[in-house]
Amino acid sequence: MLANQFLLLGAVLFCIGVYGVLARRNGVAVLMSIELILNSVNINFLAFNAMWARNGSPAHISGAVFALFVITVAAAEVGVGLALVLMLYRTRKSIDVDKIDALKG
Amino acid sequence: MLAVDTPQYLPENIFFGIIAFIMVVSALRVVTTRNVVHAALWLILVLAGVAGNFILLGNEFVAVTQVLVYIGAIVVLFLFGVMLTRAPIGADAHLDNDQRPLALVVALPLLALMGYVLWDAWKDTKITEAGPPIVASTSVLSDSIFKTYLIPFEAASVLLLAALIGAIVLARRD
Amino acid sequence: MLLAEINLENLMRWAFVVPLIMACSFLFHLLFSKKLQKRFGEKAVSAVGVFAIGVCFVLSLAIGVGWIQRVNSPPTGAAFTAAEEACKAPYGEAGAEGHGTETGGATEGHGGETKTEAPGASTEGHGGETKPEAPAAGHEGAAGIAPGESASAALLTQAEGEGHTSEAPAGGETKTEAKTEAPAAGGEGHGAEGAAAEGEGHGAEGEHHEVAPVCSSVTWFEIGGMKFEAGTVVDGLSAMMLVTVTLISLLVHIYSIEYLHGDVRFTHYYAFLSLFSASMLFYVLSSNTLQMLTGWELVGVCSFALIGHWWEEKKNTDAALKAFLTNRVGDTGLIIGVIITFFAAGAKSFNVFHINEYALSNGADKGLLFLGALCLFFGVTSKSGQFPLHTWLPDAMAGPTPVSALIHAATMVVAGVYLVARMFPTFFVGMQIGVGGNWAPVGNYVAIIGATTALIGAGLAFVQYDLKKVLAYSTVSQLGYMILGLGVGAWTGAIFHLFTHAMFKACLFLGAGSCSHAAHHTFDMREMGGLKKYMPITQKTFLACTFALSGLPLMSGFWSKDEILAGAAQGQGGKPYMVMLVIGLVVGGMTASYMTRAYRMTFLDDYRGHGHPHESPKVMTVPLMILTVLAFFATFLNIPKLLLGGETSSLAKSFGVRFEHYVQPTFIFPGEELLKPAPFNVIVAGLSMAAALGGYLIMRQYMTAGIAKGAAAKPGIARGIYSFLENKYYLDALYENVIRDGVKGPIARASYWVNMNIIDGMVNAVGVSARKVGEVTYKYVDQGGIDGLVNGTGAVSNEGGQLLRRVFATGKVQQYGAWLFGGAVVFAALIVLFVK
């Protein structure tokens, strides 16, 4: 198996995720796109982990460990993110990211 | 691409091709569908595909975790989110905002750039040479987490706690 | 004797127990004090605190005695090498672990074992290693057990000069002989030794040997194969600080029993006193800059909490916040400075000795050191209330008075001075203190800031009606004095001043607290007056300490101040710091003057307040008396030799310049040719006396003439000056109105813009800040009278900013995100294309 087939798959997922983050209006959908981005990173982690294991001993497993950490962080992120969306919905009766423009200069 | 690989890995490569195709299509659907619930369902396919990739890369434990945490918990959480915010369950023409062109302008060059850099850097480097695929054992993984990465692990647990409290504080009704 | 020595040596290595005790005391207060108070009353709570700090004080004294013994019989040969390595070793790639333990073992053996070990193979190996590193001749003589012939010859002559040990020339034996003899012989033996060395022609060498500090360390954390140590350093400086901090803290603990009697947060107060003592002790003992940073921040937090002790009043919380935030500003500089010095010294270790050694080495990067020292000094500027950032210190008087005495007069605010003293080689080289000269503005930032602060603080002290504020500005001024002293290279003078100032200023503050306690909790001097009649003890101690602060001869303040001035007169590199000398003299006069004013307004004339003032109870007056006595006896710690009958008289040998002898470091310190403490300078001393007297007389005349009654009666210029001073040079107004309001908008905006659209953000931020500048300019300059051109510029910038704003600041997060990603793509593409 080539390293690049995984890495390129990751790249594709990443860009789709970026597109989603930028183009979606619904808060929940934006969060989903972020999940895509995180998963593409995980694929990279594991691909490199597998490569490293080839060259060294199988004990080189940092990539997998970091993928696990990413999953953990993603869980936390979704938890807080959805709580934010929920609060947004309560205060504004809408989860349109477009309508949150209090930062307007 | 497949042509340059060791023949031994042909089955894996075929599986990879199928999974990758499904993943890309589903991912595109996640970001284009007009129905939030459908998006969440498509997301399940992508995540399952990622888990499949993890298995191909010889790491069952992470794959299982992926299924458990992502599909089992996070997607469910998303569905709850959709439900609680009473987003329109059916199709919604306003799911996308009006800057899709801008997003495309950003995402496509990004893809081109990443593709170029990756190909330039790795060309046809193989992940595994001929021989049995390396399967990382879970015990090695656990040793690593609880020895080398003990402090990040603790930090992650604190992060989870903080996220938990944060979510409760944010979502509380008062 | 030997037993005692070993114990003290171990105690010095275990110095960390001192802050630990206070930390335990803090925890105890935190967990149990409330219950304790409920069951046994306030007394029990304070008893715990007093007990803990008392134990610390005793331990600190023991450590001080241990250090004196160590200076009298410095470790030589293998013991010196071991101690040296213990202090500098902590940079560990692999293998440092074994190294550390080895060092530990070797050092521990110092007490008794070196004797039997004598000059074995190990000594030789070590000696060969360290020899090139050691600059001072004295050390070479000490390490001369190693083969070198000249070294043993030096040892021989030294022993001969000593007169005691004529049986010396037996090679390795000599060292041990001298060593065991020295503690018995005490100071005398030392003086003789010094004289001998001088007779030999090592004039500059004086009587100092290189005395290695006692260091011990453990691994703090490891990152990327690098080990970072946490450890303690005990040398003259830290031993002196330990004693000072624990002493003042002990007295303040006792004093607070009465002063805080019946306070709602009595336990809270004692808990924070304990925490403060713990952090301050931790700070002065720390062996590396990271640790110092930790202690530095901890004392800042305690200061914040204690200033805001009575947080029910908005004024107090404001003061606490101001103190905290102003300190944050400086701390940023400090952190950057720590990082710069770390990388300057080879990115191996944060250890202060390591950094200092680098600073003194020939290959040191002067520019980088200047930058590092500048950033570090920025931290000093805020913590020690130096010129641009001193405004928090007077406001900090909102806290309880004992806290002001402990934290904002005696200990915490000198943390900055301590930092400069501890890292003096870095400042010495970085700031080019050694260059000297009358007008070396670039070369000596430290002295200039110190002098400015001293002047400004003294000026402001004249117009305060709040007794504590007078003392606060006086503290600012005196801190400036210390920094000035360090800036002109009068290290001992500055540190001695730190020591004496801690005594008399703490006493003054506690005295002010006592007055307020008597006079219905006011500090307004207009409502005091005539307290002499009612509170004789407070009055006497206050007067004595006023004398000390004003620099009346025979009081400690005179000697320390004079030593700084003499140092300025001696200067560096053959050139005196004349400007600093003049400023020092002027400030001396001003000090006497404003203290006269404060004293007269408080204690003389008739009582102007309400109610019946009364003397405070013993719990409060006894600390005052102790401090007064100490403020007087501190005098004898550093009497110039000249006054004791010259360099050679026996009196001078036993009593002269003890402080200088024991406290000024010799280990990794600018050579003594560079930093020879200035001898007593009769002319300067006379001038400073005259200045003080003049200041006193002028103020007396002024006050008896009765024009001090208010600004309104003053003629034009005097009135202008008065209101200028009363408004604190308009510095607060500058910070609050111009800088804060002007910057708050742009900075918040700028960071948000840079985040949101990296590329265009640059252009954009320029536009916005230009607009802001335009606005500020409009508001302040145009309103002030300048028109036309400035106004036009402002308007143009304004338009530009508005235009940019409309295009990019849509408030849509995703659009910002698009710019972010787009910018990242462009940058990445540029990197890929051009950085191959």
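Numbers restart at 1 for each chain; the letters A, B, ... are given by sequence-line order, proteins then strands.
A/Asn42 is listed as a side-chain neighbour of B/Phe54, based on a closest heavy-atom distance under 4.5 Å. Counting heavy atoms from C-beta on, the side chains of B/Ile44 and B/Leu41 come closer than 4.5 Å. The closest side-chain heavy-atom distance from B/Ile18 to B/Ile14 is below 4.5 Å.
Most heavy-atom pairs under 4.5 Å with chain B: of the set A/Leu86, A/Val78, A/Leu22, A/Asn39, this distinction falls to A/Asn39. With chain A as the partner, the residue from B/Ala103, B/Ala163, B/Ala107, B/Ala156 showing the most heavy-atom pairs under 4.5 Å is B/Ala103. When the candidates A/Val12, A/Leu88, A/Val80, A/Leu9 are compared by the number of heavy-atom contacts under 4.5 Å with chain B, A/Leu9 comes out ahead. Interface check for chain A: of the options B/Ser142, B/Ser157, B/Ala167, B/Ala73, the most heavy-atom pairs under 4.5 Å are formed by B/Ala167. Taking B/Ala155, B/Ala121, B/Pro152, B/Ala162 one by one and counting their heavy-atom pairs under 4.5 Å with chain A, the maximum is reached by B/Pro152. Note on A/Val18, A/Thr72, A/Leu36: by heavy-atom pairs under 4.5 Å with chain B, the leading option is A/Leu36. Chain A forms the most heavy-atom pairs under 4.5 Å with one residue out of B/Leu141, B/Leu160, B/Leu28, B/Val106, and that residue is B/Leu141. Ranked by heavy-atom pairs under 4.5 Å with chain B, the first of A/Ala47, A/Gly27, A/Ser33 is A/Ala47. Ranked by heavy-atom pairs shorter than 4.5 Å toward chain B, the options A/Ala74, A/Ala3, A/Gly20 are led by A/Ala3.
With rounding to the nearest 0.5 angstrom, the CG atom of B/Leu45 is 10.0 Å from the CE atom of B/Met23. The structure places CG of A/Leu84 at 8.5 Å from CG of A/Leu31, a figure rounded to the nearest 0.5 Å. Summarising the geometry, atom CZ belonging to A/Phe14 is positioned 14.0 Å from atom CG belonging to A/Leu8; distances are rounded to the nearest 0.5 Å.
The aromatic rings of B/Phe146 and B/Phe153 stand perpendicular to each other, their planes meeting at an angle above 60°, with 30° marking the opposite boundary.
Neither the backbone nor the side chain of B/Pro101 comes within contact range of chain A, judged by heavy atoms closer than 4.5 Å. Proximity to chain A involves both the backbone and the side chain of B/Ala39, based on heavy atoms less than 4.5 angstrom apart. The parts of B/Val24 that come within reach of chain A are both its backbone and its side chain, each placing non-hydrogen atoms under 4.5 angstrom from that chain. In this structure, chain A has no heavy atom under 4.5 Å from any part of B/Phe80. Contacts between B/Val30 and chain A at a heavy-atom distance below 4.5 Å involve backbone atoms as well as side-chain atoms. With a 4.5 angstrom heavy-atom cutoff, A/Phe69 touches chain B only via side-chain atoms. Residue contact with chain B, scored on non-hydrogen atoms closer than 4.5 Å, involves the side chain of A/Leu13 exclusively. Within the 4.5 angstrom heavy-atom criterion, no atom of B/Ile168 approaches chain A. For B/Tyr70, the part lying under 4.5 angstrom from a heavy atom of chain A is the side chain only. Of the atoms belonging to B/Leu77, heavy atoms from both backbone and side chain fall under 4.5 Å from chain A. With a 4.5 angstrom heavy-atom cutoff, B/Ala40 touches chain A via backbone and side-chain atoms both. Only the side chain of A/Leu82 comes within less than 4.5 Å of a heavy atom of chain B; its backbone N, CA, C and O stay farther away.
Contact detail for B/Val46 and B/Ala27: the closest heavy-atom pair is CG2-N, 3.4 Å.
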Report the C-alpha separation of B/Thr138 and B/Glu60 in whole Å, then their side-chain angles, then the decisive distance to 0.1 Å, and conclude whether the side chain to side chain contact (heavy atoms under 4.5 Å, CB included) test is met. CA-CA 8 Å; B/Thr138 308; B/Glu60 290 97 346; over 6 Å; no
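The aromatic ring centroids of B/Tyr149 and A/Phe66 lie less than 6.0 Å from each other. Taking the ring centroids of A/Phe6 and B/Phe16, they lie under the 6.0 Å cut-off.
The ring pair (Phe, Tyr, Trp, His ring centres under 6.0 Å) test applied to B/Trp42 returns no partner, not counting sequence neighbours. Applying the salt bridge (Lys or Arg N to Asp or Glu O under 4.0 Å) rule to A/Arg92 yields no partners; only residues at least two apart in sequence or on another chain are considered.
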